[in-house]
Amino acid sequence: MEPILHLGVLDQSPIPRGKDSSEALVATIELAQMVEEWGYERFWVAEHHSSDSFAGPSPEILMGQIAAKTNHIQVGSGGVMLTHYSSLKVAEQFSVMSALYPNRIELGLGRAPGSDQLTAAALAYPKQPMDVKHFPQQVLDVLGYLNKTMDPDHPFARIKVLPGKTTDDSPDVWLLGSSDYSARLAASLGLSFAFADFFGDIRDRGPIIAELYRNNFEPSQYLSHPKLNVTVQALCAETAEKANHLGSSRNLNKAGWILPEKPGLLPPNQAASYVLTPEVEVWLNKFRSGYLDGDPEQVKSQLMEVAKLYETDHINIVTITYDYADRARSYELIAEAFGLRSVTQKS
């Protein structure tokens with residue numbers, strides 16, 4: 001029997017050329033409503049600052065809108081970049097969401113800046129940016145606030161995180177990462193771990209990091225067994241040729257990291273005709289080799305292979321297209337390929 005995958009979405013709210021960030025955010029909310037109907041289990045949103053390509057610097061605000069306009073899908077952050085913020089404030093924000101939407105909120109925590117160094121400095125100003133060496137303690141503090149398990153000797157042990165009354169409806173906490181550092185920390189704290197395979201160039205070491213997480217996992221009050229989510233970059237269309245064509249927009253946007261002019265998310269016809277140097281092609285192919293693009297059966301097969309490679313049944317999908325409708329259609333085709341509940345089967 002074919003294994004059952006728990007499929008979810010990580011949406012980065014991509015901004016097509018000619019659109020603005022508000023349109024991108026509205027599209028994200030509408031996409032969450034659609035994928036819930038198609039049978040996806042979770043919908044996470046990303047945090048990016050000072051970006052021309054992705055909207056959404058405040059995942060907690062976007063999550064509230066999504067949770068309010070959906071019914072049962074898990075809504076999460078992929079993730080909150082904790083080193084920018086106070087652990088207490090993050091705990092308060094997610095406590096409020098969990099009180100309003102019990103058992104539906106997931107808190108993904110990351111230590112990456114989600115921005116360039118100048119923006120990271122602005123997020124901390126007039127204070128200095130936080131040293132990442134404090135990240136483990138910040139995670140412990142978030143857990144302590146949310147679950148009322150703060151060490152009595154902690155200087156902030158008397159602080160109450162409202163409106164939570166019990167820990168039963170506290171958000172599930174995940175550590176996010178693409179390195180053995182995050183895997184080791186998640187394992188030592190007994191937390192769920194979400195691995196960022198969607199970067200595209202790390203699948204050769206990803207399964208090793210996943211195995212490290214499993215082998216070092218220590219059961220905790222939060223989790224008795226390791227729980228791994230792998231997020232991949234995928235694009236599905238009716239034909240492989242169409243999927244590859246639509247992927248041109250995403251690929252060129254990725255190449256913008258090293259191009260003299262950052263082109264943004266261009267229409268696929270323009271992106272496909274953009275002339276890249278051989279050096280840029282080689283650089284881009286490193287990432288493109290990790291993307292799962294194709295027709296429904298090809299993408300399904302590739303997703304199953306990734307799940308087997310990482311030994312997990314929890315997969316999130318990132319899809320980036322120029323046109324919002326193509327992005328939604330990709331998720332719909334994948335849902336149909338896996339036999340998830342179709343929009344045509346709504347009661």
Query raised in the report: Where do S51 and S53 come nearest, in terms of heavy atoms and distance?
Result: OG-N, 3.1 Å
Report task. For I15, enumerate each residue passing the side chain to side chain contact (heavy atoms under 4.5 Å, CB included) test, keeping only those at least two apart in sequence or located in another chain. Result -> S21, A24, A55
Requested in this report: With the side chain counted from C-beta on, respond yes when F338 and M304 share a heavy-atom pair under 4.5 Å apart, and no when they do not.
Outcome: yes
Requested in this report: Evaluate whether atom NE2 of H72 has more than 12 neighbouring non-hydrogen atoms of other residues, nucleotides or ligands under 6.0 angstrom away.
Outcome: yes
Report summary line: When every non-hydrogen atom of S182 is compared with those of G177, the smallest separation belongs to OG-CA, 3.6 Å
**Report entry** Cluster link M97 to Y222, ILVMFWY, side chain under 4.5 Å
**Finding:** yes
Query raised in the report: Do I334 and S330 come within less than 4.5 Å of each other through their side chains, counting heavy atoms only?
Result: yes
Query raised in the report: Within the distance-only criterion (no hydrogens, no angle test), does the side chain of Q233 pair as donor or acceptor with the backbone N or O of G200 below 3.5 angstrom?
Result: no
Query raised in the report: Under 4.5 Å between any side-chain heavy atoms of W38 and L340, yes or no?
Result: no
Requested in this report: Rounded to the nearest 0.5 Å, what's the gap from CD1 on I29 to CD on Q65? Could you check?
Outcome: 5.0 Å
Requested in this report: Would you indicate whether the side-chain heavy atoms of Y101 and V75 approach each other to under 4.5 Å?
Outcome: no
Requested in this report: Could you pull out all residues at least two apart from H84 that satisfy ring-ring contact (aromatic ring centres under 6.0 Å, His included)?
Outcome: H49
Query raised in the report: Any link between M81 and I61 through a network of hydrophobic side chains (Ile, Leu, Val, Met, Phe, Trp, Tyr) touching at under 4.5 Å?
Result: no
Report task. For the pair S77 (side chain) and G108 (backbone), establish whether a donor and an acceptor sit closer than 3.5 Å, ignoring hydrogens and angles. Result -> yes
Query raised in the report: Do E36 side-chain atoms and A32 backbone N/O form a donor-acceptor pair below 3.5 Å?
Result: no
Query raised in the report: What salt bridge (charged side-chain N to carboxylate O under 4.0 Å, His left out) pairs are there with at least one residue in residues 183-194, not counting sequence neighbours?
Result: D180-R184
Requested in this report: List for me each residue that meets salt bridge (Lys or Arg N to Asp or Glu O under 4.0 Å) alongside E281, sequence neighbours excluded, and say none if there are none.
Outcome: R288
Query raised in the report: Going from CZ on F94 to CG on L107, what distance comes out if it is rounded to the nearest 0.5 angstrom?
Result: 4.5 Å
Report task. Report the residues that fulfil side chain to side chain contact (heavy atoms under 4.5 Å, CB included) with D141, sequence neighbours left out, ordered by chain and then residue number. Result -> S87, Q137, Y145, M150, H154
Requested in this report: List the atom of P59, the atom of A46, and the distance in Å for their closest heavy-atom pair.
Outcome: CB-O, 4.0 Å
Query raised in the report: Restricting to pairs with a member in residues 216-241, which pass salt bridge (charged side-chain N to carboxylate O under 4.0 Å, His left out), not counting sequence neighbours?
Result: E238-K242, E238-R329
Query raised in the report: Taking only residues two or more places apart in sequence, or in another chain, which ones meet Y322 in a ring-ring contact (aromatic ring centres under 6.0 Å, His included)?
Result: none
Requested in this report: Classify the ring geometry between Y213 and F193 as parallel (under 30°), tilted (30 to 60°) or perpendicular (over 60°).
Outcome: tilted
Report task. For Y181, check ring-ring contact (aromatic ring centres under 6.0 Å, His included) against everything at least two apart and list the hits. Result -> none
Requested in this report: Determine which pairs satisfy salt bridge (charged side-chain N to carboxylate O under 4.0 Å, His left out) with at least one residue from residues 38-62, sequence neighbours left out, and list them in order.
Outcome: R42-E106
Report task. Could you tell me which residues satisfy ring-ring contact (aromatic ring centres under 6.0 Å, His included) with H134, sequence neighbours excluded, listed by chain and number? Result -> none
Query raised in the report: Would you say the side-chain atoms of T231 pair up with the backbone N or O of A196, donor to acceptor, closer than 3.5 Å?
Result: no
Report task. Measure the shortest side-chain to side-chain distance between S98 and S170 over non-hydrogen atoms and say whether it is less than 4.5 angstrom. Result -> no
Requested in this report: Mind running side chain to side chain contact (heavy atoms under 4.5 Å, CB included) on H245 and N269 for me, showing each step along the way?
Outcome: CA-CA 8 Å; H245 180 64; N269 286 339; 3.0 Å; yes
Query raised in the report: Any sub-3.5 Å donor-acceptor pair from S289's side-chain atoms to K286's backbone N or O?
Result: yes
Requested in this report: Taking side chain to side chain donor-acceptor pair (under 3.5 Å) as the test, write out the residues that go with R214, two or more places apart.
Outcome: E211
Query - R250/D293 salt bridge by N-O under 4.0 Å criterion - result: yes
Requested in this report: Following the transitive rule for hydrophobic clusters with a side-chain heavy-atom cut-off under 4.5 Å over Ile, Leu, Val, Met, Phe, Trp and Tyr, establish whether V90 and I105 coincide in one cluster.
Outcome: yes
Report task. Give the C-alpha distance, both sets of side-chain angles, the deciding distance and a yes or no for side chain to side chain contact (heavy atoms under 4.5 Å, CB included) between L235 and Y291. Result -> CA-CA 8 Å; L235 203 167; Y291 299 160; over 6 Å; no
**Report entry** Residues which pass side chain to side chain donor-acceptor pair (under 3.5 Å) with Y40, listed by chain and number, not counting sequence neighbours
**Finding:** none
Query - Test side chain to side chain contact (heavy atoms under 4.5 Å, CB included) applied to I202 and I209, step by step - result: CA-CA 10 Å; I202 55 178; I209 293 171; over 6 Å; no
Query raised in the report: So, S192 side chain and W174 main chain: donor-acceptor pair closer than 3.5 Å or not?
Result: no
Requested in this report: Answer with yes or no whether the hydrophobic clustering places L246 together with I317; edges join I, L, V, M, F, W, Y residues whose side-chain heavy atoms lie under 4.5 Å apart.
Outcome: no
Requested in this report: Indicate if V96 and V142 have the same hydrophobic cluster label, given that clusters are the connected sets of ILVMFWY residues with side-chain heavy-atom separations under 4.5 angstrom.
Outcome: yes
Report task. Measure from the side-chain N and O atoms of Y324 to the backbone N and O of L31, and report whether any donor-acceptor pair falls under 3.5 Å. Result -> no
Query raised in the report: For L82, does its backbone N or O pair with a side-chain atom of R111 as donor and acceptor, under 3.5 Å?
Result: no
Report summary line: For L223 and L191, the nearest pair of non-hydrogen atoms, with its separation, is CD2-C, 3.8 Å
Query raised in the report: Which atom names give the shortest non-hydrogen contact between V161 and S95, and what distance separates them?
Result: CG1-CB, 3.8 Å
Requested in this report: Side-chain contact test, heavy atoms from C-beta onward, threshold under 4.5 Å: evaluate it for V306 versus T312 and give yes or no.
Outcome: no
Query raised in the report: Is the closest side-chain heavy-atom distance between Y310 and R203 below 4.5 Å?
Result: yes
Report summary line: OG (S178) and CZ (R205) are apart, to the nearest 0.5 Å, by 7.0 Å
Report task. Mind listing the closest non-hydrogen atom pair of L284 and N251 along with its distance? Result -> CD1-O, 3.4 Å
Query raised in the report: Heavy atoms, side chains only, cut-off 4.5 Å: are H48 and Q12 in contact?
Result: yes
Query raised in the report: So, the side chain of S188 versus the backbone of L185: is there a donor-acceptor pair under 3.5 Å, distance only?
Result: yes
Requested in this report: Evaluate the criterion side chain to side chain contact (heavy atoms under 4.5 Å, CB included) for residue pair N253 and F54; output intermediate values, then yes/no.
Outcome: CA-CA 11 Å; N253 189 62; F54 304 115; 4.2 Å; yes
